[in-house]
Amino acid sequence: MRTLVVGVCLMAAGIISRPWNPIESMENLKMEQQRSVARFVKADALPPSPGYSQAVEVRPGRIIYVAGQVSMDRSGKLVGEGDMRAQAQQTFENLKAVLEASGAKFENVVKLNYYVLDVAQLPAVREVRDKFVNAANPPASTAVEVKRLFREGFLIEVEAVAALPQ
């Protein structure tokens, strides 16, 4: 019995002697919650997907649907006329602003839908996208070539879905 008491006391002393850091504890909890919200899936039965995840499983949490964003500045003016890279940059900046206004970040994005006038321009779009997303676990994505977007001059529109812990 005495051995058991001594063992419990030593364990308690070890736990108590370690300083408790509430900020570190909260950060660890947030990281664990984020890991548990989304699982990025790559099926072994399919060929490797270049630059996107084949699926993303979203577990309980908050889901944010971001409407299609285009290359428009704050005043409503087109940015980067005729330049897909410049338009993609502004479009992703706009997505970032909406995500932040919703309490999310690009690391929370699990799905992107691209609507482009020319799919041959996707390498430029992906180059810009990779500055914003985690390229190791990129969001599930769909890219569609369209004849026209809602206003003349726009070359790209991007929608996003983000998943956050509750």
Side-chain touch [X]/[Y], heavy atoms, less than 4.5 angstrom:
{"X": "Glu159", "Y": "Tyr114", "value": "no"}
{"X": "Val146", "Y": "Leu117", "value": "yes"}
{"X": "Arg151", "Y": "Phe154", "value": "yes"}
{"X": "Val128", "Y": "Gln89", "value": "yes"}
{"X": "Val109", "Y": "Leu99", "value": "yes"}
{"X": "Val66", "Y": "Leu95", "value": "yes"}
{"X": "Glu157", "Y": "Thr91", "value": "no"}
{"X": "Glu107", "Y": "Asn134", "value": "no"}

Is [Y] reachable from [X] through a run of hydrophobic residues whose side-chain heavy atoms are each under 4.5 Å from the next?
{"X": "Val41", "Y": "Ile63", "result": "no"}
{"X": "Val79", "Y": "Leu149", "result": "no"}
{"X": "Leu78", "Y": "Val125", "result": "yes"}
{"X": "Phe92", "Y": "Val144", "result": "yes"}

(request) Report the residue from Val58, Val110, Asn108 that forms a side-chain contact (heavy atoms from CB on, under 4.5 Å) with Val161. (result) Val110
(request) Using a strict 4.0 Å threshold on nitrogen-to-oxygen distance, state whether Arg85 and Glu127 make a salt bridge. (result) yes
(request) In plain terms, say whether Glu57 and Arg59 are close enough for a salt bridge, that is, a side-chain N and a carboxylate O under 4.0 Å apart. (result) yes
Heavy-atom count check: over 12 atoms from other residues, nucleotides or ligands less than 6.0 Å from [X] [atom1]?
{"X": "Arg74", "atom1": "CZ", "value": "no"}
{"X": "Lys42", "atom1": "NZ", "value": "yes"}
{"X": "Tyr65", "atom1": "OH", "value": "no"}
{"X": "Glu81", "atom1": "CD", "value": "no"}

